[in-house]
Amino acid sequence: MTKPQREIGLSSPDITQAEIDAVTEVLRSGRLSLGPAVKAFEQAVAQYCGTRHAIAVSSGTCGLHLLMRSIGVGPGDEVVTTPFSFIASANCVLFDGGRPVFVDIDADTWNIDVDQAASAVTSRTKAILPVHVFGLMCPMDELRAIADRHELRLIEDSCEALGSTYRGQRAGAAADAGVFGFYPNKQITTGEGGMITTDDDEIARLCRSLRNQGRDSGMGWLSHERLGYNYRLSDVSCAIGVAQMRRIDEILSRRSRVAGWYVERLRDEPRVVLQRLPDDCGMSWFVFVVKLADDYDEPTRNDLIHRLRDAGIGSNNYFAPIHLQEFYREQFGYKPGDFPVCEAVAARTVALPFHGKLTESEVDHVCDTLKRLL
Ligand SMILES: *Cc1c(COP(=O)(O)O)cnc(C)c1O
């Protein structure tokens with residue numbers, strides 16, 4: 001096969017000299033862990049989201065795990081969540097023996113279906129864990145009403161939504177606690193990393209202790225109050241995070257401009273459907289995903305992805321339903337057909353190249369190629 005003339009990757013981190021200088025400064029300082037960069041990064045995210053606390057951790061997955069621990073999810077407890085997500089949002093419930101109870105998604109926003117979430121609550125339910133899919137925030141007021149009615153915790157998986165809003169409230173500040181992830185394809189990156197955000201002093205205190213081997217503040221290095229982990233994020237990573245947070249408005253506005261170019265070119269294309277973005281939500285774009293129209297059938301979604309890649313355009317399916325992953329099927333007996341809306345959306349979605357450095361002519365090229373291949 002001949003190599004395409006140009007290659008456009010699926011994602012790319014937005015790293016400048018500022019991040020490089022910040023890392024160099026930490027390396028020169030000699031304080032590589034538990035130093036000032038951690039506090040500075042936590043303060044920057046807390047201030048940006050409008051929460052009392054932010055706790056840096058080594059990944060979004062670790063943050064989700066600590067939140068499940070800090071609200072006491074254990075054997076016999078259920079957490080209502082969505083199967084249309086990255087696997088970590090359900091795995092975090094399993095880590096300490098809880099059970100993720102899936103409900104289907106809304107066919108247009110691709111976020112958790114609120115009515116089905118309400119119906120899934122049982123006497124064993126401990127929390128609702130909505131995921132802001134691709135950056136679009138869930139209807140948090142309605143979810144809060146369900147949580148309050150049954151005295152449940154409400155935890156947002158905000159990993160894809162740094163900077164997104166719902167009725168004026170930022171992701172990370174719209175529930176009892178939230179989590180961000182900083183893998184290189186996210187809005188901002190620290191290489192690997194995550195951040196818990198919360199207004200709840202008790203959740204914050206527990207998460208700080210649990211990420212640091214169960215130590216409590218004030219006590220000695222070898223004094224461990226509870227079973228904890230090493231989920232700390234290094235000062236090197238946090239320094240990248242501080243530099244990224246200083247540039248957050250610029251980073252997000254570039255991504256938003258690129259998304260705008262895509263929307264312009266694809267909103268009237270009858271063979272694809274875009275995620276519906278309700279008026280009360282402000283979008284911080286994580287990825288650009290299109291869904292093949294329901295009456296569209298050739299080439300198949302997977303063929304289309306391969307043909308895009310052959311043409312030098314990064315492309316992927318996004319997401320694969322969690323309940324159909326092998327170990328979920330084995331452990332819980334899930335099967336195809338259990339969550340038909342999730343499965344139908346998952347079978348038809350295609351992620352296109354998306355990051356803030358894409359040019360308008362690159363977006364043109366992706367959209368022209370997509371339309372030619374459809
Ligand atoms: C990225 C992501 C996470 C966390 O990922 P890490 O790689 O552990 O930082 C969790 N949930 C969702 C929905 C994500 O997209």
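Because the structure is a prediction, the values reported are computed rather than measured. Order of listing sets the numbers, starting from 1, for every ligand and every atom in it.
Interface of S85 with ligand 1, defined as ligand atoms under 4.0 Å from a residue heavy atom, comprises 13 (C).
Under a 3.5 Å cut-off, the side chain of D235 and the backbone N or O of A37 do form a donor-acceptor pair. Side-chain atoms of E343 come within 3.5 Å of backbone atoms of G337 as a donor-acceptor pair (strictly under, hydrogens ignored). Without hydrogens or angle criteria, H132 side chain to E156 main chain gives no donor-acceptor distance under 3.5 Å. Of the possible donor and acceptor atoms, none in the side chain of T81 sits under 3.5 Å from a partner among the backbone N and O of A90. S256 contributes no side-chain N or O that, together with a main-chain N or O of L252, makes up a donor-acceptor pair within less than 3.5 Å. A donor-acceptor pair is defined here as one N or O able to donate and one able to accept, closer than 3.5 Å; no such pair exists between the side chain of N317 and the backbone of A347.
Residue, atom and distance of the protein heavy atom nearest to atom 10 (C) of ligand 1 are C159 SG, 3.4 Å. Nearest protein heavy-atom neighbour of atom 15 (O) of ligand 1: E160 OE2, 2.5 Å. Looking only at protein heavy atoms, the nearest one to atom 7 (O) of ligand 1 is Y183 CB, 4.3 Å.
Put simply, the residue from F86, F286, F84, W110 that forms a ring-ring contact (aromatic ring centres under 6.0 Å, His included) with F319 is F84.
Two residues are said to be in side-chain contact when any heavy atoms from C-beta on lie closer than 4.5 Å; M68 and I155 meet this criterion.
Here's the thing with G60: one of its N/O atoms is less than 3.5 angstrom from an N/O atom of ligand 1. Backbone and side-chain nitrogen or oxygen atoms of K186 are examined, and one is located within less than 3.5 angstrom of a nitrogen or oxygen of ligand 1. Geometrically, ligand 1 and E192 share no nitrogen or oxygen pair separated by less than 3.5 Å. In terms of N/O distances under 3.5 Å, ligand 1 is not approached by S89.
Nearest-residue assignment for atom 5 (O) of ligand 1 (options T61, V131, V57, T82; heavy-atom criterion): T61. Among D157, T190, T189, the residue whose heavy atom lies closest to atom 12 (C) of ligand 1 is D157.
For H132, the heavy-atom gap to ligand 1 stays at 4.0 angstrom or more.
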